[in-house]
A.B. asks: 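Before I ask anything, here is the structure I am working with.
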Amino acid sequence: RKEVEQDPGPFNVPEGATVAFNCTYSNSASQSFFWYRQDCRKEPKLLMSVYSSGNEDGRFTAQLNRASQYISLLIRDSKLSDSATYLCVVNAHGSGNTGKLIFGQGTTLQVKP
Amino acid sequence: GAGVSQSPRYKVAKRGQDVALRCDPISGHVSLFWYQQALGQGPEFLTYFQNEAQLDKSGLPSDRFFAERPEGSVSTLKIQRTQQEDSAVYLCASSFAGTQPQHFGDGTRLSIL
């Protein structure tokens, strides 16, 4: 079983739609959580960090449920430019851990006109 | 520019050849990470440096893979006796400290024929 699991999709949605991605992680010691965005043939870029209290950045909302080891990303009012792969990422800190990032497979989003 | 720089951008090698991939991190960044990304997958951790010290090499797939960062800035990932399964994008990331957000380079796309 992978440490971070995501539905690879693809998710095909019309412009203006709301879409949600989910992710589960297996290491209960994980301490930091992120969503990265990766465009085709480009490097991953940090989209947003994810906090237990939930956090919002414009049209993007991230949620973390530590008890269920579950992370989500909600995108409202989808734009064509949102088309990309969204990577769920976990960072295990603490003794013996280096801060390395553990990536999910990624979920592909295609927003259509 | 001020970002992480990787070279070459593309590398084609014959099976059995040795290759060397270079990473120039953001100036002042203490932490440097190497990841391997296979087609359709998320990046997977290879190794981590804090300054010149290689503190974690648990992700290196075999003893054919070797990384160094002798002066605590530029890093080189070397793969000896390349095999077809080594074909992937190799991403370098740096951060101010191990737990700070990581900034990725464009990657080196390695193809082994």
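A note on names: the letters A, B, ... follow the listed sequences, proteins ahead of strands, and every chain is numbered from 1.
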A.B. asks: Which bit of Lys45(A) comes within less than 4.5 Å of chain B, counting heavy atoms only: side chain, backbone, both or neither?
C.D. replies: neither
A.B. asks: I'd like to know whether CZ of Arg64(B) has more than 12 heavy-atom contacts from other residues, nucleotides or ligands below 6.0 angstrom.
C.D. replies: yes
A.B. asks: What part of Thr47(B) is in contact with chain A, defined as an atom under 4.5 angstrom from a non-hydrogen atom: side chain, backbone, both or neither?
C.D. replies: neither
A.B. asks: How close do Leu87(A) and Gly42(B) get, counting heavy atoms only, and between which atoms?
C.D. replies: CD2-CA, 4.1 Å
A.B. asks: Would Asp106(B) and Lys42(A) count as a side chain to side chain contact (heavy atoms under 4.5 Å, CB included) if you check the C-alpha gap in whole Å, the side-chain angles of each, and the deciding distance to 0.1 Å?
C.D. replies: CA-CA 6 Å; Asp106(B) 290 341; Lys42(A) 296 287 189 180; 5.7 Å; no
A.B. asks: Which pair of non-hydrogen atoms, one from Arg109(B) and one from Arg41(A), has the smallest distance, and what is that distance?
C.D. replies: NE-NH1, 3.2 Å
A.B. asks: Quick check: is Phe60(A) connected to Leu109(A) through a chain of hydrophobic side chains (ILVMFWY, heavy atoms under 4.5 Å apart)?
C.D. replies: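 Yes, because Leu109(A) and Phe60(A) connect within a single hydrophobic cluster, where side-chain heavy atoms sit under 4.5 Å apart.
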A.B. asks: I want to know whether Phe103(A) and Tyr35(B) have ring centres closer than 6.0 Å.
C.D. replies: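 So the answer is yes for these two rings.
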A.B. asks: I need the residue from Gln41(B), Glu44(B), Gln50(B) with the largest number of non-hydrogen atom pairs under 4.5 Å to chain A.
C.D. replies: Gln41(B)
A.B. asks: Could you walk me through whether Gln37(B) and Gln38(A) pass side-chain hydrogen bond (donor to acceptor under 3.5 Å, both in side chains), step by step?
C.D. replies: CA-CA 12 Å; Gln37(B) 186 170 23; Gln38(A) 187 171 29; 2.9 Å; yes
A.B. asks: So which heavy atom on Gln102(B) is nearest to which on Tyr36(A), and how close?
C.D. replies: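 Heavy atoms of Gln102(B) and Tyr36(A) come nearest at O-OH, 3.5 Å.
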A.B. asks: According to a 4.5 Å side-chain heavy-atom criterion applied to Ile, Leu, Val, Met, Phe, Trp and Tyr, with indirect links allowed, do Phe33(B) and Phe65(B) form part of one hydrophobic cluster?
C.D. replies: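 Result: no, two separate clusters.
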A.B. asks: If hydrophobic clusters are built by linking Ile, Leu, Val, Met, Phe, Trp and Tyr wherever their side-chain heavy atoms come under 4.5 Å apart, do Tyr25(A) and Phe34(A) end up in the same one?
C.D. replies: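 No, because Tyr25(A) and Phe34(A) fall into different hydrophobic clusters, even though each may have its own neighbours under 4.5 Å.
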A.B. asks: Identify the heavy atoms of Gly105(B) and Glu43(A) that sit nearest to each other, and give their distance.
C.D. replies: O-CB, 2.8 Å
A.B. asks: In terms of heavy-atom contacts, does CG of Leu113(B) have more than 12 from other residues, nucleotides or ligands at under 6.0 Å?
C.D. replies: yes
A.B. asks: So with a 6.0 Å cut-off around CD of Glu71(B), is the heavy-atom count from everything else above 12?
C.D. replies: no
A.B. asks: Non-hydrogen atoms of chain B under 4.5 Å away: do they reach the side chain of Leu101(A), the backbone, both or neither?
C.D. replies: both
A.B. asks: Answer yes if Phe45(B) and Leu77(B) sit in the same cluster of Ile, Leu, Val, Met, Phe, Trp and Tyr residues linked by side chain heavy atoms under 4.5 Å apart, and no otherwise.
C.D. replies: no
A.B. asks: Under 6.0 Å from the OH atom of Tyr51(A), do we count more than 12 heavy atoms belonging to anything else shown?
C.D. replies: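 Open: at most 12 neighbouring heavy atoms sit under 6.0 Å from OH of Tyr51(A).
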